[in-house]
Amino acid sequence: MGKSTLVNTLLGDAAQLTAEIRAGDEEGRHTTTSRSLHSLSGGGSLLDTPGMRELQLVYCEQGIETAFSDVTKFAQHCKFADCQHMSELDCAVKHAIESGDLDARRLNSFRKLQREQIINSATQAEKRRRSQKFGKMVRNAMAHKADRR
C-alpha cells in the first residue's frame, strides 16, 4: 500500500524503511514490523502501522466531485443526465477527451473512485445480499459443471 513511503514523503526524510515493488506483479512488500508515531512539523502526528492492506473511502461523493471538478464540469454538458461517458451520443466528457481538453486517465480514475464509493457505501444488508447472490451463482456453476461430466 506504500504507507511507509507516504510517511517518508510527508516527513521529508527517510524515517521509515521501505522496499522496492516486485517486478513480477508490481506489488509492494511489507517492511513495517511495528507501529511508529511521527510528529509532523506543521503540527499533528502520524501513525505508521504494519499489516494494513487497504484504506477504504466512505461517504466521499463530494470529495470525488471536488477532486475531479474538471470531469464533472464537462459532464454537466452531456446530453443525458445519466451519461456514463462510455459510448452515449453527445457526451461532453468523451468529446473533451477527443479534443485533448481532458486526459483519459482522469476519467478512468474518476470512474474507479466512483465504483469504490458504491461498494464502500453499501449497507451490511446490501453486502450480504450481494455475497449470497454471488455464492448462489458459484454453486449453480459448480453444479452445472458436475452435471456435464
Student: Can you tell me how far apart NZ (Lys73) and CD (Glu65) are? Round to the nearest 0.5 Å.
Tutor: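 Going from NZ on Lys73 over to CD on Glu65, the span is 15.0 Å.
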Student: Got more than 12 heavy atoms from elsewhere within 6.0 Å of NE2, His38?
Tutor: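 Counting other residues, nucleotides and ligands, NE2 of His38 exceeds 12 neighbours.
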Student: Leu89 and Lys79: which non-hydrogen atoms are nearest, and at how many Å?
Tutor: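 Looking at all heavy atoms of both residues, the closest pair is O-CB, 4.0 Å.
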Student: Please check if Phe134 and Ile119 belong to a single hydrophobic cluster, counting links between Ile, Leu, Val, Met, Phe, Trp and Tyr side chain heavy atoms closer than 4.5 Å.
Tutor: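 The answer is no; the residues belong to distinct hydrophobic clusters.
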Student: Out of curiosity, Lys112 NZ to Leu107 CG, how far, rounded to the nearest 0.5 Å?
Tutor: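 If I round to the nearest 0.5 Å, the distance is 14.0 Å.
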Student: I'd like to know if the side chain of Ser109 reaches the main chain of Arg105, judged simply by a donor and an acceptor atom lying under 3.5 Å from each other, with no hydrogens or angles considered.
Tutor: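 Yes, the answer is positive, given that a donor and an acceptor are paired below the 3.5 Å cut-off.
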Student: Taking the side chain as every heavy atom from C-beta outward, state whether Glu126 and Arg129 have any pair of such atoms under 4.5 Å apart.
Tutor: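 When only atoms from C-beta onward are counted, Arg129 and Glu126 do touch, with a gap below 4.5 Å.
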Student: Would you check if Leu37 and Leu46 make a side-chain contact, meaning some heavy-atom pair closer than 4.5 Å?
Tutor: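 A side-chain contact is absent here, since even the closest heavy-atom pair is not under 4.5 Å.
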Student: Would a 4.5 Å heavy-atom cut-off, applied to side chains only, mark Arg111 and His85 as touching?
Tutor: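 A side-chain contact under 4.5 Å exists here.
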Student: When you compare the side chain of Phe110 with that of Thr72, does any pair of heavy atoms fall below 4.5 Å?
Tutor: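 They are in contact (side-chain heavy atoms under 4.5 Å apart), so the answer is yes.
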Student: What pair of heavy atoms forms the shortest contact from Gln84 to Asp82, and how long is it?
Tutor: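 Scanning both residues completely, I find the closest heavy atoms to be NE2-O, 3.1 Å.
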Student: Verify, without hydrogens or angle tests, whether Ser99 (side chain) and Ala96 (backbone) share a donor-acceptor contact under 3.5 angstrom.
Tutor: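 Looks like yes, one N/O pair under 3.5 Å.
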Student: Start with the C-alpha gap between Asp101 and Phe74, add the side-chain angles, then the distance that decides, and say whether side chain to side chain contact (heavy atoms under 4.5 Å, CB included) holds.
Tutor: CA-CA 10 Å; Asp101 292 332; Phe74 289 115; 3.9 Å; yes
Student: Measure the NE2-CG distance between His77 and Asp90 for me, rounded to the nearest 0.5 Å.
Tutor: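 It is 13.5 Å, given to the nearest 0.5 Å.
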Student: Could you report the tightest heavy-atom contact between Lys94 and Met86, atom names first, then the distance?
Tutor: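 That closest heavy-atom pairing would be CE-O, 3.4 Å.
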Student: From Leu10 CG over to Leu40 CG, what is the distance, rounded to the nearest 0.5 angstrom?
Tutor: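 That separation rounds to 6.5 Å.
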Student: Are Val93 and Cys83 packed together at the side-chain level, in the sense that at least one heavy-atom pair is separated by less than 4.5 angstrom?
Tutor: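 A side-chain contact is absent here, since even the closest heavy-atom pair is not under 4.5 Å.
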Student: Would you mind telling me which of Ile118, Asn108, Ile64 makes a side chain to side chain contact (heavy atoms under 4.5 Å, CB included) with Leu113?
Tutor: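 Checked Ile118, Asn108, Ile64 against Leu113; only one passes side chain to side chain contact (heavy atoms under 4.5 Å, CB included): Ile64.
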Student: Side chain to side chain contact (heavy atoms under 4.5 Å, CB included) between Lys133 and Lys136: does it pass, once the steps are laid out?
Tutor: CA-CA 5 Å; Lys133 186 177 177 181; Lys136 184 176 181 179; 5.8 Å; no
